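Structure record follows, encoded as structure tokens.
Just so it is clear, the model here is predicted, and its values are computed rather than measured. Side-chain atoms are counted along with the backbone in the values below, which use heavy atoms only and exclude waters and symmetry mates.
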Amino acid sequence: MDERYTPERVEEQAQTYWDEHRSFDVREDPSREKFYCLSMFPYPSGKLHIGHVRNYAIGDVISRYQRMRGRNVLQPMGWDAFGLPAENAAITNQVPPALWTRKNIEDMKRQLRRLGFAYDWNREFATCDPDYYRWEQWLFTRLFEQGIAYRRESEVNWDPVDETVLANEQVIDGRGWRSGALVERRRIPQWFLRITDYADELLDELDNIDWPDAVKTMQRNWIGRSVGTEIDFDIADEPDLDPLRVFTTRPDTIYGTTFMAVAADHPLAVKVAKSDDKVAAFIDECRRGGTSEAEIETVDKRGCDLGLRAINPFNGERIPIWVANFVLMGYGTGAIMAVPAHDERDHEFARRYGLPIRQVISPPKGSDEIVDVQSAAWTGKEGIVIDSGGYSGLGFDECFEAMAKWLEENDRGVRRVNYRLHDWGVSRQRYWGCPVPIVHCESCGMVKVPDEQLPVVLPDDVDLSGGGSPLAKLKEFVDTTCPICGGPARRDTDTFDTFMESSWYFARFCCADAHSAKLDERADYWLPVDQYIGGIEHAILHLMYARFYQKLINEAGLSRVREPFSSLLTQGMVVAETFYLEEEGKIRYYAPAEVDVEHDARGRSVSARTRSDGKALSIGPVEKMSKSKNNGVDPEDMVARYGADTVRLYVMETSPPDQMLEWSGSAVAGAARFLRRLWQVVRTHTEQEGSTLLRFEDGAPGIDLGSLDENARFLRCRTHETIAKVSDDVGRRYKFNTACAACRELLNEIATYEARCERTGSDEGSRDIRRAVIQEALEAIVLMLAPVIPHICHVLWQALGHREAVIDAAWPTVDESAIVRDEIDLAVQVNGKLRAQIRVAADADRPTIEAAATHNANVLRFIEGKDVKRVIVVPGKIVNIVV
RNA sequence: GCCGGGAUGGCGGAAUUGGUAGACGCGCCGGACUCAAAAUCCGGUACUGGUAACAGUGUGCGAGUUCGAGUCUCGCUCCCGGCACCA
């Protein structure tokens, strides 16, 4: 064992061992319990950032832990390689997207390998490989035949100057990011997948998967199942017009309807606009701005009277019909009955345009709530219907039933379940994506590309400058022949949403080399993913699409599984402090690495200076690592400086995985310090005279457990308590930070034990015991930290006298007999305030505990001369004396 | 705007089922070693008062439930994530 810990040497040694022994190659083995651990694969943006390192360190710790527990672990890695940044880079740097992407993959793969993650690289692929996306095209053609994939018109962000479709992130304050032109919503034909057909299953299955409640709640709300009724309102004096159909979850409030509102692109509004300039102008205005919900929902609620009247089917009342920008064509019927007294958005609109507000629900009997619907909507469902003809006096459920029944009997409406979720639009008017495998023929219409012509390969040489869809401009690509009639035809020039690729990559990892099928039987061995790890930002979209796609895969007979991810861990993002200098109104940010921070005597940061020339800087807030704030930290630099283990330990021990992680340069140095110390402690221990290492193993040179003195028993107790805690933290709680802290404590405990032994002195016999209990504690630490800092543990495990590599070692087990204590400490409170600690026998009964508590000197100061009203004894925890 | 989450010493965080708030670490202070510095090791460190024992205060803000609240309930504030074409 080297005298000093040198991360480069140690890490090269461990990685060489793993490579030579092919430690991470994995095969299906039905005789062993499998564990599929998957971290979300990265977009190859150029360099790994700390967020990636964190994500992959978490996955690696779980994988290595499960392996130590005897599972057959699959941990693969690949590349989410299609996407917008490659096209932007192509335009900026004149590099073809394919080349740029391949170069980035090469760089990032090298960085991942240096970090020592236990991936089976044999299964690696990039989603831009034709061998991958051909199977995406293959399934799409089947979905097209089944009608699950269909084409209809929908809105996109249109930049009228660049004449191109913009992504939502390319629309900034309602303008195109390059041209600066005001963005419009424009309708174009697009491909969709019928995810709404699966809405109920997507909702119900959430109850059966082990995901964070926050994610499940977000998905439930996103699906937005709501039970209501559709109601037809006749339009007064216009016998030629169809009745106006609305959807509402609150038919019980229909007597409070004071206006109707339709979406700007509702057929009724469009029709009126033909003869009404004011309405036409309003509808035109509604088309301004982007398509994102955030943008639409934050615009001022505005509307325009259509001049028509609807007739309330329940009482014949004539109600004005408006067109309003807050009603969306994509939800329900694109029209609503507005009840301002009992709906907040309707209320705001009514107040703005001076429309009447009429209360028809009152709080339940016995409620002292004061309701004034003129000043605010009252939206409670628990009230009683009032002023509503024969329905007055009913509660929500009875009224809903009665009205739904009346509507159905009189053919004026139907019960209806609606979803906020809408079908998945998968078309993109972009180049760097998977081509849609459809051909448009004048005589045969839309025709799927036959299997034998797949994949439809994305051409390499393409002109990305200028507007429009790049593929559409490529004559060689577009012009083809119809697979049915052989006549001239045009290829579809859209590519798929990149969420399509990330919706099934986890399945492909099971059989990445399958040449004749999308998936083979190996997928049934590995799926579902037992543990999925990724950023919380994917809580809704990616995870919903992947769940949906897995159901399609199942129905295509490719997998037995319908839910892809049994358990989910969502990791928080990585943030760092910012430093800046304001000069002539311009703010310049400095990277943390070039800044020295000074502290006062209390430890508070008081000033920051540049390391190079001592210029005074301002200390800014802690923010998400980004280029613009220059607060990013390059993991490669950190690995070069401290080694992979230090970086891994730092990201795992600093905060729990689902919380934000704040980067701190000095705390990283602290992680490095711990590794040096661990190395020294093991080295000092193993290099003591006498090479025989004593252990409490069966058959090993006997150390009689009964001969342990108090100090030795205490260290053994701490060792086994730590094993119990760390097993729970890593295996159940996923609290790696407290697991690492517990291991640090145990290492501190060894030092304390040795100091105690020095004080008491020792003879020959107790020296063996000393070495044995320390050996046991060190082995536990090395085993428990092996998943986090695998390189150093590989070397330390050998130094501790093992021939087997730690990668093949088993997780330590708890010796229950070591952690039995005969005395425990109890806290004593008087009126809820802590006054003393008492030590009692572990099996002491209540009267004994009470007596010990009430006789304690400090407790007596607070209860003397007072009435003891109650004494609460919580076994093993606390005594509270109430006076 | 809507949905979800968060807030605890100077800082990151701990407190697992309502039961001793501040584990572990960073920083800071003091000491040892050294010609000196770095590294390392030892001790201290929520705040206020006190040599100390100890006492008072304290988990974003305001109420409430309880013998007891960081934890539960109600009402706010600020920050973060998502909102369907960023991935």
- request: On the 0 to 90° scale, with breaks at 30° and 60°, tag the Tyr532(A)-Tyr505(A) ring pair as parallel, tilted or perpendicular.
  value: tilted
Atom pair distance, as rounded to whole Å: CZ in Phe499(A) and P in A87(B): 7 Å
task: Is it possible for you to check whether Arg345(A) lies under 6.0 Å from the centre of the six-membered ring of Phe326(A), through NZ or CZ, and within 45° of that ring's axis?
output: no
query: Any side-chain N or O of Asn748(A) under 4.0 Å from OP1/OP2 of G25(B)?
result: yes
Under 4.0 angstrom between Thr498(A) side-chain N/O and A87(B) OP1 or OP2: yes
- request: Between C54(B), G19(B), A14(B), spot the one nearest the side chain of Lys735(A), thanks.
  value: A14(B)
- request: Report yes if a donor N or O on one partner sits less than 3.5 Å from an acceptor N or O on the other, where the partners are the side chain of Glu297(A) and the base of C3(B); otherwise report no.
  value: no
- prompt: Any side-chain donor paired with an acceptor under 3.5 Å for Asn418(A) and Ser226(A)?
  reply: no
message: Taking only the P atom of each, what is the distance from C24(B) to A46(B) in whole angstrom?
response: 12 Å
- prompt: Counting heavy atoms not belonging to Asp197(A), are there more than 12 under 6.0 Å from its CG?
  reply: yes
- prompt: Can you find a side chain N or O atom of Arg732(A) that sits less than 4.0 Å from OP1 or OP2 on U16(B)?
  reply: no
statement: Of the candidates A21(B), G19(B), A55(B), the side chain of Leu834(A) sits closest to A21(B)
query: With both distances kept under 3.5 Å, what pairs with C74(B), Watson-Crick or G-U wobble?
result: G62(B)
Pairwise side-chain contact, Arg54(A) with Ser655(A), heavy-atom cut-off 4.5 Å (strictly under): yes
query: To the nearest angstrom, how far is Trp424(A) atom CH2 from A84(B) atom P?
result: 15 Å
Passing option when Ile536(A) is tested against Met218(A), Met573(A), Gln571(A) for side-chain contact (heavy atoms from CB on, under 4.5 Å): Met218(A)
query: Quantified in whole Å, what is the C1' atom distance between nucleotide A32(B) and nucleotide A39(B)?
result: 14 Å
message: So if I take every side-chain heavy atom of His538(A) and compare against A14(B), A87(B), U20(B), which nucleotide ends up nearest?
response: A87(B)
P gap between U71(B) and U16(B), integer Å: 12 Å
query: How is Trp222(A) classified with respect to the nucleic acid when contacts are heavy atoms under 4.0 Å: base, sugar-phosphate, or nothing?
result: base
Gln429(A)-Asp494(A) side chain donor-acceptor pair, cut-off 3.5 Å: yes
side-chain N/O Asn737(A) vs G12(B) OP1/OP2, d < 4.0 Å: no
message: Does a side-chain N or O of Lys833(A) approach OP1 or OP2 of U20(B) to a distance below 4.0 Å, or not?
response: no
- prompt: Hey, are Lys301(A) and Glu344(A) close enough for a salt bridge, meaning a charged N less than 4.0 Å from a carboxylate O?
  reply: no
task: Could you check how far CD1 of Ile296(A) sits from P of C3(B), rounded to whole Å?
output: 17 Å
query: Is there a donor and acceptor pair, one atom on the side chain of Glu662(A) and one on the base of C11(B), closer than 3.5 Å?
result: no
query: Quick one: Asp343(A) CG to C2(B) P, roughly how many Å, whole number?
result: 12 Å
- request: Check every strand shown and say whether Arg428(A) touches a base, only sugar-phosphate, or nothing at a heavy-atom separation below 4.0 Å.
  value: base
message: Check the phosphate of A15(B) against Arg733(A), side-chain N and O only, distance under 4.0 Å to OP1 or OP2. Yes or no?
response: yes
message: In whole Å, measure the gap between the P atoms of G75(B) and G81(B) for me.
response: 25 Å
- prompt: If you check every side-chain atom of Ala214(A), which of U20(B), C24(B), G5(B) has the closest atom?
  reply: G5(B)
G9(B), syn or anti by chi within 90 degrees of zero: syn
message: Looking only at the side chain of Asn157(A) (C-beta and beyond, no hydrogens), which of the listed nucleotides C85(B), C26(B), G19(B) gets closest?
response: C85(B)
- prompt: Do any side-chain nitrogens or oxygens of Arg673(A) fall under 4.0 Å of OP1 or OP2 in C26(B)?
  reply: yes
message: Regarding Phe496(A), tell me which of base, sugar-phosphate or nothing describes its non-hydrogen contacts under 4.0 Å with the strands shown.
response: nothing
task: Give Gln680(A) one of three labels, base, sugar-phosphate or nothing, depending on what nucleic acid heavy atoms sit under 4.0 Å from its own.
output: nothing
- prompt: Among the nucleotides G5(B), G13(B), G27(B), which one has an atom lying closest to any side-chain atom of His599(A)?
  reply: G27(B)
- request: Describe the nucleic acid contact of Met573(A) in one word from base, sugar-phosphate, nothing, applying a heavy-atom distance below 4.0 Å.
  value: sugar-phosphate
message: Without decimals, in angstroms, what is the distance between Phe326(A) CZ and G1(B) P?
response: 16 Å
- prompt: What nucleotide, of G19(B), A87(B), C54(B), holds the atom closest to the side chain of Leu84(A)?
  reply: A87(B)
query: With respect to the side chain of Ala294(A), which nucleotide from G82(B), C83(B), C86(B) is positioned closest?
result: C83(B)
query: Does A87(B) pair with anything, Watson-Crick or G-U wobble, both distances under 3.5 Å, and if so, with which nucleotide?
result: none
query: Within the structure shown, what part of the strands sits under 4.0 Å from Leu421(A) by heavy-atom distance: base, sugar-phosphate, or nothing?
result: base
- request: Provide the distance between the two C1' atoms, one in C79(B) and one in U40(B), to the nearest whole Å.
  value: 41 Å
task: Answer with base, sugar-phosphate or nothing: what part of the nucleic acid does Asp213(A) contact at a heavy-atom distance below 4.0 Å?
output: nothing
field: Nucleotide paired to G9(B) in any strand shown, Watson-Crick or G-U, under 3.5 Å
entry: none
- prompt: Is His542(A) touching bases, backbone alone, or none of the nucleic acid, heavy atoms closer than 4.0 Å?
  reply: nothing
- prompt: For G81(B), what is the paired nucleotide under Watson-Crick or G-U wobble rules, both distances under 3.5 Å?
  reply: C3(B)
query: Which one, C67(B), C3(B), G19(B), comes nearest to the side chain of Arg870(A)?
result: C67(B)
field: Complement of U57(B), any strand, by Watson-Crick or G-U distances under 3.5 angstrom
entry: A46(B)
message: Rounding to an integer number of Å, can you tell me how far Trp679(A) CH2 sits from A39(B) C1'?
response: 18 Å
message: Suppose we define a pair by two distances each less than 3.5 Å, Watson-Crick or G-U wobble; what does A32(B) pair with here?
response: U40(B)
query: Between the base of C67(B) and the side chain of Asn880(A), is there a donor-acceptor distance below 3.5 Å?
result: yes
- prompt: For the side chain of Val156(A), counting heavy atoms from C-beta on, which of C85(B), A14(B), G19(B) is nearest?
  reply: C85(B)
query: Think Arg835(A) has a side-chain N or O under 4.0 angstrom from the OP1 or OP2 of A55(B)?
result: yes
message: In the structure I gave you, are the side-chain heavy atoms of Phe736(A) and Val730(A) within less than 4.5 Å of one another anywhere?
response: yes
- request: Scan Asp658(A) against the nucleic acid and name what it touches under 4.0 Å (heavy atoms): base, sugar-phosphate only, or nothing.
  value: nothing
query: For Gln829(A), which contact category applies under a 4.0 Å heavy-atom criterion: base, sugar-phosphate, or nothing?
result: base
task: Look at all strands and tell whether Ala827(A) reaches a base, only sugar-phosphate, or nothing, counting heavy atoms closer than 4.0 Å.
output: base
message: Just the rounded figure in Å: distance from P of C85(B) to CD1 of Ile188(A).
response: 12 Å
message: At less than 4.0 Å, is any side-chain N or O atom of Gln659(A) found next to OP1 or OP2 of G13(B)? Yes or no.
response: yes
field: SB check Glu745(A) Lys725(A) (cutoff 4.0 Å)
entry: no
- prompt: Which nucleotide, in any strand shown, forms a Watson-Crick or G-U wobble pair with U17(B), with both distances under 3.5 Å?
  reply: none
